[in-house]
Amino acid sequence: MSRAHVRTPRFRLTAAVAVALAATTVGTLAGPATAATAAPTGTAASARQGAGDAAFPFLNSVLATAGPTGLLAVRTDDVVWTRYADGSTTTFPKSPAVTYRGAAGADIVVASEGTRHTVHDMTKGGAPVVIDIPYELREVNGSTLVMVDKATHELHLVSRAPGDEVVDRKVTGMPAGVPWEFHGSTPGTVAVQTSAPGGQFRLALVDVATAATVETYDLDRYSSFAQVTPDRVLWEPASGQTRIVDRKTKQAETLPYRAQVVLGGDWLAITSDDKVVVDGVTYPNKPIVLKSLKDGRKVTFLDLATRVAPAGDGTLLVSGGTFGQGQGLFRISLDTGGTPVATMIGDGHNPLEMTLEQVNIPSVFRFDGTDQRVTWKANQPDLGVTLELTHVATGRTVSLWSYYDTFINWNGYLDQVVGAYNGAYTWKMTARPASGVGPVAVKTGTTTVDRGTAARDFNNNAQADALVRDSSGNLSAYDLSQILAMGNSSDCHEEGCPPVVRDPKPDVLGTGWNTYTLMASPGNLAGSAADDVVGRDRDGVLWLHQGDQQKVLPRTKIGGGWNIYDQITGGSDLNGDGRGDLLATDKTGVLWFYASTGDATTPFKARQKIGGGWGVYNLLTAPGNIAGASGGDLLARDKDGVLWLYLGKGDGTFTARREIGGGWQKYTHIIPAGRNGKGVADIYAVGSSGSAFYSGRDSTTVPFEPAHPLPLRSDSTRFQTFF
């Protein structure tokens, strides 16, 4: 069955714009790469497509850091530096041994492999600088490596002097504790959060020129965000808040949203993974809101802002999009009047609206073991895809979904664990954008199920059913799959839990069945596509109801005189002609065999006597081949509750009886339950205290597996008669 648990959504890098990943932080790109000393590959830019529309090859990537002349982004197979001026690129292929980091606000890329760190100055070009030192690299500030000695937890600033000498400076004045987080640094100043015993967190600002701690701020708690600028320092005092402190005056203010200082220091940039709320105003979609620190005015850009990176030249790069322009990369800068303006500098050529570009769904579902998965192609990552299929004739549905996978497998069941019916279906696929912005994408269509037929199938889904008559005279088919699902535990809360059915929903085959005193389902008597049913009325007349997909047809008379019998049963092929036959015991205890003909007008041949002494049994059922012998078999329960097996010889007779076991008096009905994967018959037994499913073992000595208990029980109203 389809899973039904909400999980963290996947993000597939298929959108033609930089999509923000929560695990990627500004200034740090930790991921597989090639050897750090390998020379990057330079690639010429594509032809310019017009002002503000360069064919930046980093699209389809994740924006990491930006500097004055270019930006760093990660793609599926490599890391790429792109220059603003002409769109040309430098590509760093990935390998499992290497990680890449960019310097926030600077044109520096560092490739690390073990203790070896290669510093690439993307502005100057030329040969990279190699530093080999046994520290852990935690951040890059300009061309300086911010590193931690894991043995002593001391902070070091490491660089290369013009004469190729490695300069290793231990930072002085650091507060007690372990360097914990590095984030929000600005060129020339490192912001590091430390953690001391007892949960004491501090934010230390380190001057790169002097390798000295110049300021320290006490934090009430761990902060997942921090930023330092020449004039201010910011951190997160509580979830979704920003504490902003003037570094000169120490005046502080707490803002009820997450923000960072941009555009030279006079503006706040506010984005959110949820709705954006600023000063009591809720902004539609997920834009970037800029708020002036001078006069409080607010300017809104984009319908979706997924990634923000200060470029180090007083401008801001934002990946995202608008419903008008689509997805792309935008630069926000100040115009001559000091007002922020946004310009698209990289067109993703992809609409912001979620679009299902293609849905691949089989034209026919057969559920025969072949791969019949449903796949799709969308223009951007999805938060989840649902597929609803509806059986046209009955209106019954199933809802399937996928959160992680890029496909959906239908296991052949509808809701309530009912096997999918043969026939026409409509389908509707709905994809929710991972961004949470814009409407869902929807596609519809039609398909068909053709799974053939099976024994004891009365509702046209190739699965065995239990026939049940209620006190109102309604005859219904209960898919045995949903009855079995009633025994599944509702305590399971993990992925892949078996479905639980509390109230099975049947298919009503007909009404007026209270007229019958005996009923049986001997199989396909008349050669149609479905099994048939016979019933004896109070006058002793036997009637035939032919099965017709999800109903039984009006009755036709077989003949009178059947009031001499106190039991009838059917379903086993006793003479090997491929059709189910009928057995009946008369009131003197004689068992009679009625071979089927395949003709609806005369469905049975003349009866044949099997033998006497059957009056000791108060319940008979003919489920089919239980133990692998040549003919259909018969089960008989005596008055002491012992169940006996009669193996069919294939000529309408049986071998000597074999005892199965006692205790079967607790059941009021024992009925055929179709064939299992071994090709032998199962049975379903039900009584007023409960029921059980018994799977055939293809054994003459122990014909059934242990009972699988089920909560459904017979009663005087809904579950009155089973056969």
Side-chain angles (χ1 to χ4, degrees), residues 1-7 354 356 358-368 371-376 378 382-432 439-454 457-466 468 474 476-486 488 490 495-509 530 548-551 712:
M1 288 298 292
S2 298
R3 303 181 296 274
H5 301 282
V6 176
R7 300 184 291 181
M354 186 79 186
L356 279 169
Q358 183 179 343
V359 176
N360 304 307
I361 186 167
S363 59
V364 179
F365 285 93
R366 302 190 188 279
F367 307 112
D368 56 0
D371 184 4
Q372 291 189 290
R373 63 180 55 185
V374 177
T375 62
W376 58 90
D382 59 75
L383 185 62
V385 171
T386 59
L387 176 66
E388 183 176 272
L389 296 109
T390 302
H391 185 236
V392 173
T394 64
R396 281 201 168 181
T397 65
V398 63
S399 293
L400 312 171
W401 57 260
S402 171
Y403 282 168
Y404 284 145
D405 300 325
T406 57
F407 61 88
I408 290 175
N409 275 331
W410 186 17
N411 63 0
Y413 288 94
L414 301 174
D415 292 340
Q416 286 281 318
V417 202
V418 175
Y421 307 124
N422 291 315
Y425 285 75
T426 61
W427 60 262
K428 177 182 178 182
M429 178 174 282
T430 303
R432 292 178 291 156
V440 298
V442 176
K443 271 192 178 295
T444 59
T446 60
T447 186
T448 301
V449 169
D450 182 6
R451 62 196 315 174
T453 60
D457 173 25
F458 297 96
N459 58 6
N460 197 29
N461 66 356
Q463 296 194 173
D465 304 314
V468 178
N474 299 312
S476 300
Y478 284 82
D479 193 319
L480 280 163
S481 295
Q482 63 175 325
I483 292 179
L484 282 169
M486 295 179 71
N488 294 334
S490 59
E495 178 184 338
C497 292
V500 179
V501 174
R502 301 189 184 280
D503 184 22
K505 304 297 183 184
D507 292 291
V508 178
L509 304 178
D548 183 26
Q549 296 184 351
Q550 291 171 310
K551 62 181 183 297
L712 190 147

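Keep in mind the model is a prediction, meaning the values are calculated, not measured.
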Going by side chain to side chain contact (heavy atoms under 4.5 Å, CB included), Met429 matches just one of Val442, Ile361, Thr444, Val374. Which one? Val374

If you measure from OG on Ser481 to CE on Met486, what distance do you get to the nearest 0.5 Å? 13.5 Å

Could you measure the distance from the CG atom of Asn409 to the CD atom of Gln372? Nearest 0.5 Å is fine. 9.5 Å

Could you tell me whether the side chain of Gln482 and the main chain of Asp503 form a donor-acceptor pair under 3.5 Å? no

Between NZ of Lys443 and CH2 of Trp427, what distance do you get to the nearest 0.5 Å? 7.0 Å

Could you walk me through whether Asn411 and Phe367 satisfy the side chain to side chain contact (heavy atoms under 4.5 Å, CB included) test, starting with their C-alpha distance in whole Å, then the side-chain angles of each, then the deciding distance to 0.1 Å, before giving a yes or no? CA-CA 7 Å; Asn411 63 0; Phe367 307 112; over 6 Å; no

Might you point out which heavy atoms bring Gln416 and Val501 nearest each other, and give the distance in Å? OE1-CG1, 3.3 Å

Residue among Asn422, Asp548, Thr394, Thr453 satisfying side chain to side chain donor-acceptor pair (under 3.5 Å) with Asn460: Asn422

Leu414 and Gly419: which non-hydrogen atoms are nearest, and at how many Å? CD1-O, 4.3 Å

Distance-minimising heavy-atom pair for Arg373 and Pro362: O-CD, 4.1 Å

Chi angles and distances behind the side chain to side chain contact (heavy atoms under 4.5 Å, CB included) call for Tyr413, Gln463: CA-CA 11 Å; Tyr413 288 94; Gln463 296 194 173; 3.7 Å; yes

Got a second to check how far Tyr403's OH is from Asp382's CG, nearest 0.5 Å? 10.0 Å

For the CE atom of Met354 and the CZ atom of Arg432, what is their distance to the nearest 0.5 Å? 10.5 Å

Which heavy atom of Arg502 sits nearest to which heavy atom of Ser490, and what is that distance? NH2-CB, 3.3 Å

Any idea which heavy atoms bring Gln550 and Ala393 closest together, and the distance? OE1-CB, 4.4 Å

Whether the Thr397 and Glu388 side chains hold a donor-acceptor pair (N or O, under 3.5 Å, no angle test) is what I'd like checked. no

Donor + acceptor pair across side chains of Asn474, Ser476 (<3.5 Å): no

Side chain proximity check, Ser402 to Phe407, heavy atoms < 4.5 angstrom: no

Does a side chain donor of either Asp507 or Tyr421 reach within less than 3.5 Å of an acceptor in the other side chain? yes

Below 4.5 Å, heavy atoms only, C-beta onward: do Asp465 and Tyr478 meet side chain to side chain? no

Taking side chain as C-beta onward, heavy atoms only, is Tyr425 less than 4.5 Å from Thr390? no

Should the pair Phe365 and Trp410 be assigned to parallel (<30°), tilted (30 to 60°) or perpendicular (>60°) ring geometry? perpendicular

Side-chain heavy-atom pair Val392, Thr446 within 4.5 angstrom cut-off: no

Walk me through whether Asp479 and Asn461 qualify under side chain to side chain contact (heavy atoms under 4.5 Å, CB included). CA-CA 9 Å; Asp479 193 319; Asn461 66 356; 2.8 Å; yes

About how many Å separate OG1 of Thr375 and CG of Asn360, when rounded to the nearest 0.5 Å? 3.5 Å

Val385 vs Thr430, test: side chain to side chain contact (heavy atoms under 4.5 Å, CB included). Steps then yes/no. CA-CA 6 Å; Val385 171; Thr430 303; over 6 Å; no

What is the minimum heavy-atom distance between Ala485 and Val417, and which atoms define it? CB-CG2, 3.8 Å

Under 3.5 Å donor-acceptor, Arg366 side chain and Gly452 backbone: no

